[in-house]
Amino acid sequence: MFFKRFLKQGEFNSYDDYFKNAVPNIPENFNFAYDVVDVIADETPDKVAILWTDDAGEKKSITFKMLAQWSNAVANFLTAHGLKKGDTVLLFMRRRWEYWVLMMAMHKLGVIPIPSTNQLKTKDIKYRLDAANVAAVIAYDDGVIINEIKSAIGGNEAIQLIDCADVEMACEKYSKTLERVPNENTDTMVVYFTSGTTDMPKMVAHNFTYPLGHINTAVFWQRLRDGDIHFTLSESGWAKCSWGKMYGQWLAGATVFVFDFSRIFTAHDLLNAISEHKITSFCAPPTAYKMMIHADMSKYDLSSLKKADVAGEALNPEVYERFYDNTGVKLREGFGQTETCVMIFTNEWIEPKPGAMGMPAAGWDVKLLDERGRVITEPNVVGEICVNVKDAKPLGLFQGYHKNEKQTNAVYRDGIYHTGDMAYFDADGYFWFVGRNDDLIKTSGYRVSPFEVESVLMEHPAVREVAVTGIPDPARGQAVKATIVLNKYFQQTDALVRQLQDYAKSRAAHYKAPRVIEFVDTLPMTISGKIRRALIRTLDSAKESIVDPIKSTIGLGDEK
């Protein structure tokens, strides 16, 4: 349990004990690659860091000794390509094992990796190349992304394109000794682009203490210990990979399981991977759990699975209950952003409440602020999730938006970090996610949480997926609209519209029930799997008939 070296106290017997006494012990000039990976490699060289496989059947077990030596070799390879401390490099590595070697190599050199998803297109890549002043791009050629990258680079000879195959070669061909490159804790270690659900993606810069923030993520949320095999679904291009496939897991003593798949991922693939590889801990967004519960889970041996966590969007209680019925495992939610590590979560000392995020992580002074910036002290009052940083920033909170002081100052104001996410806490101190500030629906003087209405509708057997948004309404300001993907065998009828509206009214306040229901085949998603409610609102604004109950072909309900 390597993490204890970075806490002043390592054992806790209650949430209060943990919250008050989980105080970090931060070394000067900390570098995760040297001070964690290399040290574990020296002390327990045969300990497995990564169990990797792909859908072609290739497998690889990578020990910490291998990871330490290969990252030294790849660091020398990158140096030979002229890359140095402070240079930025875009990575398009899917879930290839070389990604982890590259990340450790870059940390050792102080080269700044910008992990990126292979789902990006030429325009997206060009935006990132220009915004980050990229020196090189390293990519696994999946038959598509290389052409997109080449188109984005164009004739810019200042940007190198390095093939993943060269990285694999470097692991064996280059020297496995490396002189330590010094760094400060405040130096930029990694940059992530945000999903860009409401605006152009921003560059989130984390410094070298960022990995220690993930002690909260892996040790106290995911509850990992020596011997665990942890499986987080995320691709390497997203910050959730850092949450679940690297820093905190190795600090906790766990092995990271990686499944690199090239085709559409199915519930069978997921459940079979958990069964075959004896996964003990799993973390994924709600969409993955929805996929699992719609499969026949009884066909798979899931007895090894003891822990499961969920993040990315709030969890519907229906999904929680069905997963628990099938596995006996209680899903524990966590909340954070690309800008943070986990900052609110359902910890091991409290009972999960389906749909609730949980309580604040140690070191995080989380407050809810109202529209006038006042701290909310009463339960069940919605406010913005904010973090007090007047004295110091908690470990894992980003240092700012890379090369954009204006964007940084917009969220760091008067000693407060503003997340832009809305929530309330109940009488027991649990935080409940409401939605992005921009997603809240203001109707007839009320504020409606999209998630609350979505949770109600998800309990109806006809509903497979749903997104709730507000549409302009001359009488109410906004009306509540539900965009729904139906389960198989259900038909798009006016009778079903009425049934769904009545169902919502019977389980929530009448003003929260959708006045407009639209049936669609799919919901618009970001490439990270989040619902693009902003796009739904934009598309609706172009539909003249959508606010007209006479012209509209979309069902409208009354307000009885």
Side-chain angles (χ1 to χ4, degrees), residues 1-7 10 22 24-27 30-53 60-72 74-75 93 95-108 113 115 171 183 189-190 206-234 236 238-259 277-283 307 309 334 336 341-342 395-396:
M1 290 184 284
F2 204 82
F3 73 91
K4 291 185 178 180
R5 305 183 189 193
F6 302 102
L7 291 177
N25 179 26
I26 309 171
F30 174 74
N31 187 307
F32 181 84
Y34 292 119
D35 300 324
V36 176
V37 170
D38 284 4
V39 173
I40 295 176
D42 286 340
E43 296 178 356
T44 53
D46 296 329
K47 185 175 179 63
V48 177
I50 303 166
L51 283 174
W52 180 88
T53 187
K60 191 175 285 286
S61 180
I62 301 174
T63 66
F64 278 95
K65 180 180 179 180
M66 295 161 68
L67 184 59
Q69 292 182 343
W70 289 352
S71 60
N72 284 350
V74 171
M93 297 297 295
R95 295 172 177 84
R96 290 289 307 177
W97 61 266
E98 293 92 339
Y99 168 79
W100 284 264
V101 179
L102 278 165
M103 288 293 284
M104 294 306 107
M106 291 185 182
H107 292 347
K108 288 179 174 180
C171 290
N183 63 271
M189 185 192 79
V190 62
H206 285 286
N207 66 30
F208 275 85
T209 66
Y210 173 62
L212 296 178
H214 285 299
I215 291 175
N216 273 326
T217 307
V219 175
F220 298 111
W221 173 38
Q222 296 168 348
R223 308 168 308 289
L224 299 179
R225 295 295 186 271
D226 284 324
D228 273 317
I229 302 175
H230 179 74
F231 180 15
T232 281
L233 194 56
S234 176
S236 64
W238 302 107
K240 191 60 173 62
C241 181
S242 288
W243 282 45
K245 297 176 113 154
M246 193 157 32
Y247 305 120
Q249 291 67 40
W250 292 339
L251 284 162
T255 294
V256 169
F257 173 75
V258 182
F259 185 15
H277 298 280
K278 306 300 180 187
I279 303 302
T280 64
S281 175
F282 179 65
C283 188
K307 310 158 193 175
D309 305 286
C341 59
V342 71
L395 281 178

For the residue pair [X] and [Y], establish whether any side-chain heavy-atom pair is separated by less than 4.5 Å.
| X | Y | value |
| --- | --- | --- |
| F6 | L251 | yes |
| S236 | R95 | no |
| Q222 | H230 | yes |
| E98 | W52 | no |
| V36 | F30 | yes |
| R5 | N25 | no |
| I50 | W250 | yes |
| T53 | V258 | no |

Review point. What orientation do F259 and F257 show, parallel under 30°, tilted 30 to 60°, or perpendicular over 60°?
Key: tilted
Spacing of [atom1] belonging to [X] relative to [atom2] belonging to [Y], to within rounding of 0.5 Å:
| X | Y | atom1 | atom2 | answer |
| --- | --- | --- | --- | --- |
| I40 | D35 | CD1 | CG | 11.0 Å |
| M246 | F32 | CE | CZ | 7.5 Å |
| F2 | D226 | CZ | CG | 11.5 Å |
| Q69 | D38 | CD | CG | 9.5 Å |
| N207 | N183 | CG | CG | 10.0 Å |
| H107 | M104 | NE2 | CE | 4.0 Å |

Kindly give the heavy-atom pair with the smallest separation between [X] and [Y], and that separation in Å.
| X | Y | value |
| --- | --- | --- |
| S281 | D309 | OG-OD2, 4.5 Å |
| T255 | V48 | OG1-O, 2.8 Å |
| C171 | V74 | SG-CG2, 3.9 Å |
| C341 | G213 | SG-O, 3.3 Å |
| L212 | P27 | CD1-CD, 4.3 Å |
| S234 | K245 | O-NZ, 2.7 Å |

Please check if the side chain of [X] supplies one atom and the backbone of [Y] the other of a donor-acceptor pair under 3.5 Å.
| X | Y | result |
| --- | --- | --- |
| R223 | W221 | yes |
| Q249 | W243 | yes |
| W70 | I62 | no |
| T44 | K47 | no |

**Study point:** Partners meeting side chain to side chain donor-acceptor pair (under 3.5 Å) with T280 (sequence neighbours left out)
**Key:**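 If we apply the side chain to side chain donor-acceptor pair (under 3.5 Å) test to T280, skipping adjacent residues, the hits are D228.
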Point to revise | Distance-only donor-acceptor check, side chains K108 and N31, under 3.5 Å | key: no
Practice item. Kindly say whether the aromatic ring centers of F282 and F231 come within a distance under 6.0 Å. Key: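 When the ring centroids of F282 and F231 are compared, they turn out to be within the sub-6.0 Å range.
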Point to revise | Residue among P115, S242, P211 satisfying side-chain contact (heavy atoms from CB on, under 4.5 Å) with V190 | key: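 When side-chain contact (heavy atoms from CB on, under 4.5 Å) is applied between V190 and each of P115, S242, P211, only P115 qualifies.
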**Study point:** ring-ring contact (aromatic ring centres under 6.0 Å, His included) involving Y99 - partner list, sequence neighbours excluded
**Key:** none
Check your understanding: Within 45° of the ring axis of W97 and under 6.0 Å from its six-membered ring centre, is that where the NZ or CZ of K60 lies?
Key -> yes
**Study point:** Over 12 foreign heavy atoms within 6.0 Å of NZ, K65
**Key:**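 Check fails, neighbour count at 12 or below.
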